[in-house]
Each structure stands twice: as structure tokens, then as C-alpha cells.
Amino acid sequence: MTPQSPVVTVAVIDDHPVVAAGITAWYAAADPPVRVLAAGPDRSAALHGPGRAVRERGPAGGSPA
């Protein structure tokens with residue numbers, strides 16, 4: 001990566017740990033590397049950070065939006 005290359009950052013959201021790990025590895029091998037800021041099974045991992053995920057509730061009887 002050159003000093004002027006932008007840093008690309010992402011959150012990896014997938015409920016299958018193997019898929020999330022594969023995507024994270026794929027991003028790390030990119031040129032320039034893609035920085036993974038958060039990863040987890042739902043968007044709360046990206047919103048609240050690793051180890052601080054809060055189970056989100058969707059509408060009554062529904063899934064999280």
C-alpha cells in the first residue's frame with residue numbers, strides 16, 4: 001500500500017463462523033488489505049464492538065430489521 005492509498009474498512013456480518021473467518025482472511029490478503037473493524041453473527045457486533053454485542057429485537061414476532 002502506498003502512503004496515499006485509502007484505507008478500506010468493513011464489518012463482516014455472517015452467522016456462520018467459518019464463512020466470517022474466510023471473508024476476513026480474504027480481506028487481509030487483498031492488495032491493499034481491507035481492514036475488518038468488527039465481525040459477528042448480526043449487526044450488533046458492528047454497532048457495539050467485539051464482546052459487547054447486544055441481542056437486537058425486531059417487531060413483535062419478527063426478526064431484527
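Below, each value reflects all heavy atoms present in this structure, side chains not excepted, and no hydrogens, waters or symmetry copies. The model shown is predicted, which means the values in this text are computed figures rather than measured ones.
The side chain to side chain contact (heavy atoms under 4.5 Å, CB included) test with Val34 is passed by exactly one of Val8, Thr9, Ile23: Val8.
For Pro33 against Ala28, the heavy-atom pair with the smallest separation is CB-O, 3.8 Å.
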Output side-chain donor-acceptor pairs under 3.5 Å for residues 12-20, partner residues at least two apart or in another chain, one line each.
| unit_1 | atom_1 | unit_2 | atom_2 | d |
| --- | --- | --- | --- | --- |
| Asp14 | OD1 | His16 | N | 2.8 |

